[in-house]
Amino acid sequence: MPAVPDRTGTTVSNPVIPGFHPDPSVCRVGEDYYLACSSFEYFPGVPLFHSRDLVHWTQIGNVLDRPEQLHLPAGTRASGGIYAPTLRHHDGRFWLIVTNVAVGNLLFTATDPAGPWSDPVPLPGVPGIDPDLAWDEDGTCWCTVAGVSQVRIDPHTGKTLGAPRRIWSGTPGAKAPEAPHLYRIDGYWYLLIAEGGTERGHGVSIARGPSPAGPFEPCPDNPVLTHRGREHPVQNTGHGDLVQGPDGSWWLVLLGVRPGGGSPGWHVLGRETFLAPVTWVDGWPVVGEVSPELPAPPWPLVPAPAVPARDDFDRAEPPPYWISPRRSAAGRSGTEERPGWLTLHGRGGTLDDPDAVFVGRRQQHLSCRVRTLADAADGHGGLAVRLDELHHYAIEAGGSEVRLIARIGPLRTVVASRPTAAGPLVLGIDVTRTEASHDPCAGPDTVSLGVEEPDGTFTVLGALDGRYLSTEVTGGFTGRVIGLYAASGTVHFDWFDYAPLDG
């Protein structure tokens with residue numbers, strides 16, 4: 001390993017993967033690290049990242065990028081679909097086990113984590129959600145699920161070997177023991193779980209035993225991580241996975257949220273992936289501070305290439321961070337019809353419909369600026385920030401006018417409109433986070449939607465409170481996605497520009 005520079009007092013940004021990237025699972029293969037996250041109702045599913053330093057991550061693909069791998073019926077509810085993958089490397093292959101709530105637990109394999117990944121191996125005998133994989137010295141594969149129960153499986157066929165049995169219930173009285181991960185470390189088998197629910201009471205607890213099946217004794221200092229009841233900028237900390245750093249030290253990837261505004265606090269980006277150091281005391285892990293600024297780890301950092309601010313739609317295949325609700329946008333979107341433009345064909349509905357034609361990318365910054373050049377001469381569509389069918393804001397062009405549309409629960413309204421001249425126009429969204437305020441009713445941010453004039457002036461049609469596009473209002477497990485849509489007819493987009501304005 002190269003000489004380590006002295007970075008005493010320097011920090012790196014946390015979350016290490018910002019935006020709607022929850023339920024991280026990580027594995028190390030030599031000097032490389034790979035990490036997978038939940039994707040819920042979005043296609044493609046299970047974003048996959050690569051890193052050389054645990055700090056800088058690059059998305060290299062999605063595990064579930066073919067319709068035959070990812071069945072999400074039109075009736076899939078928001079925050080349904082794909083839950084909590086576990087990613088492991090064993091016997092020269094990558095293994096990913098995950099829950100699709102529409103069909104059950106599934107197992108996928110690949111020799112290259114960038115893909116292609118196999119078609120699914122169904123696991124009909126594995127109950128519950130949040131499945132984990134671990135292999136013992138004899139090669140037996142153990143699958144542990146939320147609850148916490150366990151069953152041996154043949155990972156090649158999906159058959160169970162015996163009946164599931166309960167092995168630990170977590171802390172007495174704590175709800176939702178889930179996200180189990182099993183490890184062999186220094187002679188013990190450790191069982192790491194999340195409990196307390198994925199809201200403000202979330203936490204991480206651990207137990208250990210002599211074998212993968214236990215019996216398990218809980219850590220006397222459980223939970224080993226929680227921010228419940230703490231005045232801290234990062235909340236809902238939990239659902240972790242252990243990994244060793246390049247120097248042999250231990251680290252935890254986990255989810256957390258960054259609430260903003262007054263009481264009770266609203267988080268809008270979804271659950272994000274954070275990193276925390278781990279030390280071992282008397283055979284138990286002690287998790288260090290989960291903070292927005294993490295002390296730089298003691299090894300050379302390998303910065304990842306930045307995601308381009310602008311997508312000019314010059315490629316036949318979109319970058320891996322573009323996603324759509326429930327189904328592939330193939331057949332309804334593409335760059336062939338008008339080269340250099342993304343063309344979307346509406347289904348004759350609105351963003352309120354589960355099968356709306358929408359392609360977007362996760363909002364990853366608390367403040368950001370988004371612009372697109374849209375040609376809606378033959379349809380209606382535009383630019384939107386989406387939480388789900390019942391919660392979204394959109395700036396929509398078509399029919400010689402542009403409209404600001406807000407959908408908040410059962411209410412849908414045209415907030416403002418103005419006539420437009422013929423031809424393409426630049427639509428925009430500015431998200432501005434709320435500065436620290438003593439107002440208990442302040443929202444987390446302001447979402448301004450409008451039109452950018454030819455001279456660069458941004459004409460705002462409306463500035464809306466961002467709390468109505470937050471998890472505390474909408475419910476569920478996802479975060480904001482900002483993107484392009486066609487409500488009806490055909491809409492063309494020349495480019496899409498996403499620029500962070502802060503963290």
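Numbering starts at 1 and runs along the sequence shown.
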Handout entry: Contact summary for Gln235 and His227, nearest pair of heavy atoms
Key = OE1-O, 3.3 Å

Handout entry: Arg208 side-chain N/O to Gly283 backbone N/O, donor-acceptor pair under 3.5 Å
Key = yes

Practice task
Find out whether Asp311 and Tyr321 are in side-chain contact, i.e. whether some heavy atom of one side chain is under 4.5 Å from a heavy atom of the other.
Solution key: yes

Exercise for the section: Output the distance between atom CD1 (Ile206) and atom CG (Leu242), rounded to the nearest 0.5 Å. Expected result: 6.0 Å

Exercise for the section: To the nearest 0.5 Å, tell me how far Trp284 CH2 sits from Asn222 CG. Expected result: 7.0 Å

Problem - Any donor-acceptor N/O pair, Asp465 side chain to Tyr468 backbone, under 3.5 Å - result: no

Problem - Pairwise side-chain contact, Pro155 with His90, heavy-atom cut-off 4.5 Å (strictly under) - result: no

Exercise for the section: Kindly indicate whether the side chain of Val98, heavy atoms from C-beta on, has any atom under 4.5 Å from the side chain of Phe108. Expected result: yes

Handout entry: Under 3.5 Å donor-acceptor, Asp130 side chain and Tyr83 backbone
Key = no

Practice task
Could you tell me whether the side chain of Asp132 and the main chain of Thr86 form a donor-acceptor pair under 3.5 Å?
Solution key: no

Handout entry: Output field: ring centroids Phe49/His21 closer than 6.0 Å
Key = yes

Exercise for the section: Determine, step by step, whether Leu366 and Arg258 satisfy the side chain to side chain contact (heavy atoms under 4.5 Å, CB included) criterion, reporting the C-alpha distance in whole Å, the side-chain angles of both residues, the deciding distance to 0.1 Å, and the verdict. Expected result: CA-CA 9 Å; Leu366 297 173; Arg258 291 181 284 170; 4.0 Å; yes

Handout entry: Distance-minimising heavy-atom pair for Thr144 and Pro180
Key = O-CG, 3.5 Å

Problem - Plane angle bin for His239 and His202 - parallel if under 30°, tilted between 30 and 60°, otherwise perpendicular - result: tilted

Practice task
Would you please classify the geometry between the Trp322 ring and the Phe496 ring as parallel, tilted or perpendicular, with 30° and 60° separating the classes?
Solution key: perpendicular

Exercise for the section: Flag the pair Arg271 and Asp23 as a salt bridge only when some basic side-chain nitrogen lies within less than 4.0 angstrom of an acidic carboxylate oxygen. Expected result: yes

Practice task
Answer yes if the side chains of Asp138 and Thr140 hold a donor-acceptor pair under 3.5 Å, and no otherwise.
Solution key: no

Practice task
Please tell me if the side chains of Asn62 and Val46 come closer than 4.5 Å, counting only heavy atoms from C-beta onward.
Solution key: no

Exercise for the section: Applying side chain to side chain contact (heavy atoms under 4.5 Å, CB included), name anything that partners Ser169, two or more places apart in sequence or on another chain. Expected result: Arg166

Fill in the blank from the handout: Closest heavy-atom pair, Ala384 versus Ala394, reported as atoms and distance to 0.1 Å, is CB-CB, 3.8 Å

Practice task
Decide yes or no for Cys219 and Val224: does some side-chain heavy atom of the first lie under 4.5 Å from some side-chain heavy atom of the second?
Solution key: yes

Practice task
Specify the closest pair of heavy atoms between Arg93 and Thr111, including all atoms of both residues, with the distance to one decimal.
Solution key: NH1-CG2, 3.3 Å

Exercise for the section: State, yes or no, whether a side-chain contact exists between Pro292 and Val234 at a heavy-atom distance under 4.5 Å. Expected result: yes

Fill in the blank from the handout: Nearest heavy-atom contact between Ser25 and Asp241 is OG-OD2, 3.0 Å

Problem - Between Thr434 and Asp445, a side-chain donor and acceptor under 3.5 Å - result: no

Exercise for the section: Give a yes or no on this: more than 12 heavy atoms of other residues, nucleotides or ligands lie within 6.0 Å of atom CZ of Arg77. Expected result: no

Handout entry: Glu137 atom CD, neighbour heavy-atom count above 12 within 6.0 Å
Key = yes

Practice task
State whether the side chain of Ser324 and the backbone N or O of Phe358 hold a donor-acceptor pair below 3.5 Å, judged by distance alone.
Solution key: yes

Practice task
For the residue pair Pro285 and Leu192, establish whether any side-chain heavy-atom pair is separated by less than 4.5 Å.
Solution key: no

Practice task
Could you label the plane-to-plane angle of the Trp280 and Trp250 rings as parallel, tilted or perpendicular, counting under 30° as parallel and over 60° as perpendicular?
Solution key: perpendicular

Handout entry: Aromatic centroids of Trp251 and Trp299 separated by under 6.0 Å
Key = yes

Exercise for the section: Enter the distance from Asp388:CG to Arg407:CZ here, rounded to the nearest 0.5 Å. Expected result: 9.0 Å

Exercise for the section: Assert yes or no for the condition that the ring centre distance of Trp135 to Trp95 is strictly below 6.0 Å. Expected result: yes

Exercise for the section: Could you tell me how the ring of Tyr183 sits relative to the ring of His181: parallel (under 30°), tilted (30 to 60°) or perpendicular (over 60°)? Expected result: tilted

Exercise for the section: Could you check Val447 against Arg480 for side chain to side chain contact (heavy atoms under 4.5 Å, CB included), going step by step and ending with a plain yes or no? Expected result: CA-CA 12 Å; Val447 182; Arg480 289 182 186 166; 4.1 Å; yes

Handout entry: Salt-bridge criterion met for Asp352 and Arg412 (N-O under 4.0 Å)
Key = yes

Practice task
Output the distance between atom CG (Leu254) and atom OG1 (Thr237), rounded to the nearest 0.5 Å.
Solution key: 6.5 Å

Exercise for the section: Report the C-alpha distance between Glu195 and Arg228 in whole Å, list the side-chain angles of each, state the deciding distance to 0.1 Å, and finish with yes or no for salt bridge (charged side-chain N to carboxylate O under 4.0 Å, His left out). Expected result: CA-CA 12 Å; Glu195 58 184 3; Arg228 63 184 70 139; 5.7 Å; no

Practice task
List in chain and number order the residues that pass salt bridge (charged side-chain N to carboxylate O under 4.0 Å, His left out) with Asp32, two or more places apart in sequence or in another chain; answer none if no residue qualifies.
Solution key: Arg52

Problem - Test item: Ser51 side-chain N/O and Tyr33 main-chain N/O as donor-acceptor pair under 3.5 Å - result: no

Practice task
Looking only at non-hydrogen atoms, find the nearest pair between Gly476 and Thr471 and report the distance.
Solution key: O-CG2, 3.3 Å

Exercise for the section: Please step through side chain to side chain contact (heavy atoms under 4.5 Å, CB included) for the pair Arg361 and Val481, ending with a clear verdict. Expected result: CA-CA 5 Å; Arg361 53 170 293 181; Val481 177; 5.6 Å; no

Handout entry: Any donor-acceptor pair under 3.5 Å from Ser39 side chain to Ile82 backbone
Key = no

Completion exercise
d(Trp168 CH2, Glu217 CD) to nearest 0.5 Å is 10.5 Å

Problem - Polar side-chain atom of Arg88 near backbone of Val26 as donor-acceptor pair, under 3.5 Å - result: yes

Handout entry: Glu317 atom CD: more than 12 heavy-atom contacts under 6.0 Å
Key = no

Problem - Gap between atom NE2 of His391 and atom CG of Leu411 - 0.5 Å precision - result: 9.5 Å

Handout entry: Any side-chain heavy-atom pair of Arg200 and Asn236 under 4.5 Å
Key = yes

Handout entry: Leu87/Leu48 under side chain to side chain contact (heavy atoms under 4.5 Å, CB included): CA gap, chis, key distance, verdict
Key = CA-CA 10 Å; Leu87 177 66; Leu48 194 69; 3.7 Å; yes

Exercise for the section: Determine, for Arg362 against Glu272, whether the closest basic-nitrogen to carboxylate-oxygen distance falls under 4.0 angstrom. Expected result: no

Problem - Gln363 (side chain) donor-acceptor with Val431 (main chain) under 3.5 angstrom - result: no

Handout entry: Arg165 side-chain N/O to Ala213 backbone N/O, donor-acceptor pair under 3.5 Å
Key = yes

